[in-house]
Amino acid sequence: MAIKVANAPVSWGIYEFEDVEPKFPYTRVLDEIAESGYRGTELGPYGYFPTDPAAQRHELERRNLQLVSAFVPVELVARSAHEAGAEEAIEVATLLAALGAEYIILADENGTVPELIAQAGQRTGSLLCADEWDVFAEGVNAIARRVHDETGLGTVFHHHCAGYVETPEEVRQLMGRTDSDLVGLCLDTGHWHYGGGDAVSGLREYGDRMRHLHLKDCHPEVAKRCREQGNDYFQAVAADVFCLLGSGEVDFPAIVEILEKFGYGGWGTVEQDVLVDDLNAPKEYAVHNAAYLRRIGLWSADD
């Protein structure tokens with residue numbers, strides 16, 4: 001089978017984290033995504049691409065790109081933060097809706113809690129208690145409802161290392177408490193592995209609820225070394241724990257088979273999380289990853 005494949009600004013080191021400065025203008029990122037053969041892009045941090053719909057539409061159309069979605073990290077563990085999170089999600093979703101996207105990718109405000117940053121890739125089970133999960137899920141449901149009612153977009157939730165929803169058990173806690181009609185799953189193959197799971201098993205468990213897919217690999221030896229050395233999340237990313245597709249432990253050919261079984265027709269977004277000084281590396285990675293996905297049949301050769 002073949003799916004629609006996009007890339008994302010994070011593959012060029014463009015992060016939501018305030019202390020990680022972009023090394024590329026957005027025009028170069030869009031150019032290189034298109035030149036590498038991709039047909040879609042995620043938004044990146046709000047404000048990195050133009051926020052005027054007409055201006056962004058012009059940039060996308062002249063490169064034959066579709067805006068696919070946007071990663072929207074907000075604080076969810078505190079009920080008092082839910083309203084602000086909803087307003088942020090609505091702002092992003094309004095822009096996405098104007099440009100033909102279908103989903104926002106909601107996430108916890110990852111990479112902001114020192115304890116979670118330090119323990120990324122090293123935790124098991126669930127950090128939150130039942131009452132805290134109820135509050136967390138309440139926020140996810142409420143934001144997804146507002147996004148749907150006010151913009152028409154769907155919501156998928158992205159589990160993420162260095163956040164409160166990192167391990168497979170934490171995903172189960174959240175999915176079991178959220179409205180399946182409102183909240184789907186964005187399964188990230190690399191984060192699933194570094195969070196202690198196996199992406200093939202995760203996809204089998206959530207295939208009917210998985211509505212968006214992030215394609216990322218995880219290098220087992222680098223992951224093992226980072227855990228043994230107690231490296232934090234940012235140190236692990238800098239060490240290339242999320243490696244080139246096909247060079248890690250994610251069984252992408254098996255994922256192709258499962259997607260075919262479920263009849264998945266959505267997007268898959270390549271995310272080659274990088275923190276590199278070589279300004280040519282992101283495009284080289286993008287080209288490699290595109291070729292790999294075509295070779296294993298996840299991406300149509302005539303697209």
Side-chain angles (χ1 to χ4, degrees), residues 6 8 16 40 42-47 51 53 56 66-113 126-160 163-188 191 202 205-214 262 264-267 269:
E16 291 77 12
E42 291 191 3
L43 184 67
Y46 190 79
T51 56
Q56 187 169 159
Q66 169 66 46
L67 183 63
V68 174
S69 54
F71 183 73
V72 184
V74 300
E75 184 180 351
L76 291 159
V77 75
R79 183 178 282 115
S80 60
H82 292 174
E83 179 63 26
E87 293 299 324
E88 183 175 344
I90 292 298
E91 180 178 43
V92 177
T94 299
L95 176 61
L96 294 180
L99 293 166
E102 297 182 61
Y103 295 103
I104 68 161
I105 303 172
L106 191 65
D108 176 34
E109 197 176 31
N110 312 286
T112 60
V113 178
S126 173
L127 195 64
L128 300 180
C129 69
D131 288 345
E132 290 170 322
W133 275 119
D134 288 343
V135 171
F136 197 105
E138 177 187 312
V140 173
N141 277 327
I143 292 172
R145 169 59 68 188
R146 281 197 58 187
V147 166
H148 177 270
D149 290 349
E150 297 181 33
T151 72
L153 265 63
T155 296
V156 292
F157 192 91
H158 188 309
H159 58 96
H160 199 289
Y164 285 106
V165 186
E166 172 176 322
T167 70
E169 175 57 25
E170 288 167 334
V171 175
R172 291 187 193 100
Q173 291 287 345
L174 181 63
M175 291 292 105
R177 286 174 165 84
T178 48
D179 185 337
S180 60
D181 291 331
L182 282 175
V183 182
L185 178 68
C186 173
L187 192 142
D188 184 301
H191 279 281
E205 183 174 355
Y206 294 106
D208 59 348
R209 198 163 174 184
M210 194 275 293
R211 296 164 195 162
H212 194 67
L213 179 66
H214 277 179
F262 281 104
Y264 181 71
W267 285 88
T269 300

### Task
Go through the steps to decide whether Glu166 and Asn110 satisfy the test side chain to side chain contact (heavy atoms under 4.5 Å, CB included), and finish with yes or no.
CA-CA 9 Å; Glu166 172 176 322; Asn110 312 286; over 6 Å; no
Test your reading of the model: is there a side-chain donor-acceptor pair from [X] to the backbone of [Y], 3.5 Å cut-off?
{"X": "Thr51", "Y": "Gly47", "answer": "no"}
{"X": "Glu88", "Y": "Val72", "answer": "no"}
{"X": "Glu132", "Y": "Cys129", "answer": "yes"}
{"X": "His159", "Y": "Asp188", "answer": "yes"}
{"X": "Arg209", "Y": "Met175", "answer": "yes"}

### Query
Under 30°, 30 to 60°, or over 60°: which ring-plane class applies to His158 and Phe71, parallel, tilted or perpendicular?
perpendicular
Which pair of heavy atoms, one from [X] and one from [Y], lies closest together, and at what distance?
{"X": "Ile104", "Y": "Ala93", "answer": "CG2-CB, 3.6 Å"}
{"X": "Val147", "Y": "Ala89", "answer": "CG2-CB, 4.0 Å"}
{"X": "Ala97", "Y": "Leu153", "answer": "CB-CD1, 3.3 Å"}
{"X": "Asn141", "Y": "Asp179", "answer": "OD1-N, 2.9 Å"}
{"X": "Val68", "Y": "Ala6", "answer": "CG2-CB, 3.8 Å"}
{"X": "Val183", "Y": "Arg211", "answer": "C-NH1, 3.5 Å"}

Quick check: do [X] and [Y] have side-chain heavy atoms less than 4.5 Å from each other?
{"X": "His214", "Y": "His191", "answer": "no"}
{"X": "Phe136", "Y": "Gln173", "answer": "no"}
{"X": "Tyr164", "Y": "Leu76", "answer": "no"}
{"X": "Val165", "Y": "Trp133", "answer": "yes"}
{"X": "Asp108", "Y": "His160", "answer": "no"}
{"X": "Ile143", "Y": "Thr155", "answer": "no"}

### Task
Could you walk me through whether Arg172 and Glu205 pass the salt bridge (charged side-chain N to carboxylate O under 4.0 Å, His left out) test, one step at a time?
CA-CA 10 Å; Arg172 291 187 193 100; Glu205 183 174 355; 3.0 Å; yes
Rounded at 0.5 Å granularity, tell me how far [atom1] in [X] sits from [atom2] in [Y].
{"X": "Phe157", "Y": "Thr178", "atom1": "CZ", "atom2": "OG1", "value": "9.0 Å"}
{"X": "Thr112", "Y": "Glu75", "atom1": "OG1", "atom2": "CD", "value": "7.5 Å"}
{"X": "Leu99", "Y": "Thr94", "atom1": "CG", "atom2": "OG1", "value": "11.0 Å"}
{"X": "His212", "Y": "Thr269", "atom1": "NE2", "atom2": "OG1", "value": "3.5 Å"}
{"X": "Phe262", "Y": "Met210", "atom1": "CZ", "atom2": "CE", "value": "8.5 Å"}

### Query
After noting the C-alpha distance and the side-chain angles of Thr151 and Leu96, does the key distance pass the side chain to side chain contact (heavy atoms under 4.5 Å, CB included) rule?
CA-CA 9 Å; Thr151 72; Leu96 294 180; over 6 Å; no
